[in-house]
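Inspection log for the structure reproduced underneath, given as structure tokens.
Note on naming: letters A, B, ... go to the chains in the order of the sequence lines (proteins, then strands), and numbering restarts at 1 for each one. Please read these numbers as outputs of a predicted model, since none were measured by experiment.
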Number of protein chains: 4
Amino acid sequence: MLTQISLSTQFRNVRQHTEAICRPLQTEDYVVQPVVDVSPPKWHLGHTTWFWEEFVLKPHVRSYRLFHDDFSFVFNSYYETVGKRVFRADRGNMTRPTVEEVYRYRTYVDQHLIDFLENADPSPELEALIQLGLNHEQQHQELLVTDIKYILGHNPLFPTAALPLQWDEHRAASPEPLLIPEGVYSVGYAGDGFCFDNELGRHKVYLNDYALRPALVTNADYLDFLEAGGYRNFRYWLSDGWAWVNQHGISAPMYWHQIDGQWWHYTFDGLQPVVPDEPVCHVSYYEADAFARWQGSRLPTEAEWEVAQPYLNWGRRWEWTASAYLPYPGFQTAEGAVGEYNGKFMVNQMVLRGASIATPEGHSRPTYRNFFPPDKRWQFMGIRTVFNE
Amino acid sequence: MLTQISLSTQFRNVRQHTEAICRPLQTEDYVVQPVVDVSPPKWHLGHTTWFWEEFVLKPHVRSYRLFHDDFSFVFNSYYETVGKRVFRADRGNMTRPTVEEVYRYRTYVDQHLIDFLENADPSPELEALIQLGLNHEQQHQELLVTDIKYILGHNPLFPTAALPLQWDEHRAASPEPLLIPEGVYSVGYAGDGFCFDNELGRHKVYLNDYALRPALVTNADYLDFLEAGGYRNFRYWLSDGWAWVNQHGISAPMYWHQIDGQWWHYTFDGLQPVVPDEPVCHVSYYEADAFARWQGSRLPTEAEWEVAQPYLNWGRRWEWTASAYLPYPGFQTAEGAVGEYNGKFMVNQMVLRGASIATPEGHSRPTYRNFFPPDKRWQFMGIRTVFNE
Amino acid sequence: MLTQISLSTQFRNVRQHTEAICRPLQTEDYVVQPVVDVSPPKWHLGHTTWFWEEFVLKPHVRSYRLFHDDFSFVFNSYYETVGKRVFRADRGNMTRPTVEEVYRYRTYVDQHLIDFLENADPSPELEALIQLGLNHEQQHQELLVTDIKYILGHNPLFPTAALPLQWDEHRAASPEPLLIPEGVYSVGYAGDGFCFDNELGRHKVYLNDYALRPALVTNADYLDFLEAGGYRNFRYWLSDGWAWVNQHGISAPMYWHQIDGQWWHYTFDGLQPVVPDEPVCHVSYYEADAFARWQGSRLPTEAEWEVAQPYLNWGRRWEWTASAYLPYPGFQTAEGAVGEYNGKFMVNQMVLRGASIATPEGHSRPTYRNFFPPDKRWQFMGIRTVFNE
Amino acid sequence: MLTQISLSTQFRNVRQHTEAICRPLQTEDYVVQPVVDVSPPKWHLGHTTWFWEEFVLKPHVRSYRLFHDDFSFVFNSYYETVGKRVFRADRGNMTRPTVEEVYRYRTYVDQHLIDFLENADPSPELEALIQLGLNHEQQHQELLVTDIKYILGHNPLFPTAALPLQWDEHRAASPEPLLIPEGVYSVGYAGDGFCFDNELGRHKVYLNDYALRPALVTNADYLDFLEAGGYRNFRYWLSDGWAWVNQHGISAPMYWHQIDGQWWHYTFDGLQPVVPDEPVCHVSYYEADAFARWQGSRLPTEAEWEVAQPYLNWGRRWEWTASAYLPYPGFQTAEGAVGEYNGKFMVNQMVLRGASIATPEGHSRPTYRNFFPPDKRWQFMGIRTVFNE
């Protein structure tokens, strides 16, 4: 658990893991932004560093001098309270600073930060901010993995890359559905470790009886849907989902390619055959919802998921829920730039629960609320279903 | 209540009200579609008629002959199960059939329908379908009002039109907040009258304490927000809302015009001064949410609204809630085309509760769930706020 | 010839012909703007009337009072020097003023104009302005025909409309190519009647030998191209043309529909079979150029066309030339709003020569330069080809 | 002159110059495509190499083995006859092959090509193809310079880069206008050296008297236009140009920045003050045409330019002409892929004459026809004007 080791060691570990993810990249791979959802790896490296410089070093280390005056402008993201925002779509055309300069920026900031952490006695507020910074960087570690996969997976040469990921274990899940009885339950974070603001406000919810599948939907299950014409029958789809399928010509999960009648998918090992008993991955909410409708099931709400999770095999896929991303009762936005963190995204997105193979060890929790718009699928998203009585 | 008078009388009344709404129009006003959300009044007249022809006359009256073979194609809407869909954006360029022909179509179908209703003894299923048709037509009556307002309100001549609407009464609302104590409550439709499928499945919810404002937000309240720079400060806005404000240059509710320092708004009486103590209207979810954040309050959830509604003055504005439009526990889609009615829209929309001055008498209910995407505001949408303890 | 009868009679004739074109319309047909190129017939009626009010009555008739203060705003077109321009794409959503009001506007302006013409003794400058106004209105007569065809031809009911047009005569053209010898020729307007500013500056050009086809390309010729896969082979197409074909899925001239293996096209008599020996019509420059390349011929330049025209059967189609629309040597823009007439369009357009069945009698001339962007085809555009030695 | 030294030496020189242009780049700079007009430098390096492999080595060297099977797909451009085309906008997201691999590709192909040239006795046809390849690569050398300038000039850090360019000399041009008398002149290429197909077909043209400015328009001249409100007065602009100015908010040449009331522009030496007596650069046809209209002059036609050029100081800017890019009389497209070279672009573009500081030594000619759409300005485009009598 993160909090049992010294802050400076935690910091070192997290920062090193970020760079370990990028180790297999060529310089060119760091630069591009093929779609607006994906950021250049170079930008992730710079942005996470800017966070430490802007929120810790600048306000707390009097003698600190900025590495470069323009980097705040270049590596800021959506935080509207810190200077002028770079138009996001331009990130992928900024060839300078170079990758080497960005690594020097990281080294410079790391040295100052470690020096600070080893000598300062941070207040509880500052320690909380540092925990937030560590978790922020872990979120970008996950995005680095998914963005690198997008960049390489959309290259006609299908390059391989040995990223430090923990791959799936094929644990046999009990075939028995997990029955949860009707009643009042509590959800939301209650401990005293780190959590994001959107998990706070543990509160009661009333749930009806439900029966949750202990195993995630597999590629074999999903192929049944696909081969039954699931992508061509509007009856299974939400109206917006059907428009999305038709506008983009969607006919399979992201990274899937049908070659001579056989299904392959891009992985970090290059193009590989789709393995039937692995959990299906890289599907949108629209696809997850359509699959469930076809199957006669439905997706769980986030409360149903959270109540059942002690009994679940997480399966290393983020799991789409039927819950829109909205504030918990009593949700309050923190003051200042850090307060822009989560609350401003609470519309037009769906909640995902669990964690994926791209999630850093120890980063997720049973109460962790991930969220994406319903058409996104470049994250490692999977499907779990629920059966009503 | 609709069900206490004969079906044929109910039918006659609803059909006549539709035409009464259109009486002040010129022929030209029936034709255009200035934005994709707005349908030409002519299309509403034809589409509601097609519903009766397609779902009642065709399957139930053996001798019935279609008024025109192509009208099913021309007046179908999103029902993907009935023939080929017209691309929606083209509706506003179809000058034929003429308005006169559409009225003849209405007369023809009305005669056959009334003849059928007065002589048949409909099964419960058929009676339910007819109630659905009446409610469907009432929904289009509301859309007729809002679409006509859009068409006339975006004309540089700002024409007047004497639509048969019940205008606001300025009932003084108690200034005391309405306190609702924590506990398990039930929501959803429970009676045996008509309701839409999305209201069914009365179920328990757990609510925390909350304090609801008995009166809607007024123009005076909203002007405070506006004049305090509410539209120019990103802190009050959801991220998507802030993008919407900036992309479209939004700086006031729809239909508002600032002329020589004074605020006016378009109404069916032409351009009129904004009246301070009337409820604010024609605001998007983004604006409602930003206003509440600025005020230090929040929007109610739909469950909070429904539990509190016996004590509320509805105020003749649809009221934005903080709830995404999602299925109730146990929601089931009906079979066939009628089953496409509501469920397919359960993503990317927010729930509104109450009713507006455009809602036909008796059409809404305490459990009625209206829904629109968060950027829409051409309906008569208002704001009610909640204060947490 | 226009100039041999009194100005007031000419005025009356032209104005009446405009209304004669619209006589077969229903009120609804006057209102819409299905694509940006097409203007609502109501707008043409108002705009041509505004021209007389703005440029003749306002400056020359002291006692004249505007029919309506806002009509200048509503019916102005691209003339940037006269007040604020209406955003063009909104024309099709302006249901007011009504068609009836626009006809009253015409009557009002006509009465004042005729009164003025019958009593005034116009200066040569004013007479020239009136001739410009008459020719301006004739240009809109042609656009009225083509825009009405677009509106009705894109309606799923394919309505008929008895417009006062002179239809094709099938004059047998000599099969012999017309040979024009190399040398210096003069082109441009030289007479003392009316012409547009872009025809002025008669000047010498040097032409090589060329052989022009005396007959226009027929539907039968064009079907050969189509059936030989002309639309699917990039070799015949300009790069921009090939992009246009693919982006819009073009596979036949505008208004053509293949039904059960047979080619039909929309005409004012409704959907009719394509007649093999009629001149092909409603093709873009890209299609005309691709056809010629496939045939091993080319399109004539405008100078080649003008030099050869005494020997040509015009064929009642505007004929695409291989000339870009550019100023003649010594071209000068006139002062004031009228000077915005033609010169500002001299880029990104190709010249057409001749006249079409929609061109008012006496409006075109051998030196007349019509022009459209290379992807347009809702005018009655045809093809004539040239063979090099 | 290129043809007086051995083919293999010419080849070596041209290939080395391409790499010399790229020497100041960082790896990151080779990868991106900030707008569709600009190609990644890596792509230029690969594409010019692919040309030699595809058109010389593959058909003429029996033992030749492709460097990489997929490179033909990756580095092809618009040649629709060679395999499947890469969607152009994706070029900027292809991080693989890496820059290093592309340089290895160049070395591999160079070795085989030099080996071939030193041992083969090429037929005249093959020699002509090799000359075409050399000129093709020189065209890409010019694009490399302009594309690198775009990539670096749109980076917020404004990096410097020491490209091997010949900079402007400020030669005093005679202030006297150059008078050319009316008459028949010949234009087009007539020699026996290399020229592009679009220059062929020397032919006669008839020109009126004209007076050409011997010096290019300077920054000082252009600032007069700018400061006189030239960008805000529609009277000076073509209709499409005015739309372009307003849609993109254009108010100065590309790369110009106004800082504290002073004009600066990005150069390869970083941000530098605008020098008054240097020729203005990076203006579109719309701007060149508007400037001339404001000045009471006009742009020359390409024939006027070519006839006058023996007496001109070229000024190292490509010079916009008033001529649309169209075929010369008798223009024929060559057979096969090479025949797609120029003819397919003969619509929607304007001709430029002369050469720029980015043009390789010896690449241009008095008859050389460069061409771009009228809104482009990332090439080194300048302005020369003509006065009519």
Test ring-ring contact (aromatic ring centres under 6.0 Å, His included) applied to D:F387 and D:Y210, step by step: CA-CA 7 Å; D:F387 290 86; D:Y210 64 103; over 10 Å; no

Proximity breakdown for C:L238 and chain D, heavy-atom pairs closer than 4.5 Å: both

D:E302 side chain to D:R353 backbone, donor-acceptor under 3.5 Å: no

Select one option (side chain, backbone, both, neither) describing which atoms of C:V184 are under 4.5 Å from chain D's heavy atoms. side chain

Could you verify whether a donor N or O on one side chain and an acceptor N or O on the other, from C:R213 and C:T385, lie under 3.5 Å apart? no

Honestly, the part of C:Y325 sitting under 4.5 Å from a heavy atom of chain D is neither

Scan side-chain atoms only and decide if D:Y206 and D:E182 contain a donor-acceptor pair under the 3.5 Å cut-off. yes

Return the orientation label for the D:W43 and D:H47 ring planes: parallel under 30°, perpendicular over 60°, tilted otherwise. parallel

Please look at C:S323 and chain D and tell me whether the side chain, the backbone, both or neither of the residue comes under 4.5 angstrom of a heavy atom of that chain. backbone

I'd like to know which of D:N208, D:V347, D:D289 tops the heavy-atom pair count under 4.5 Å against chain C. D:V347

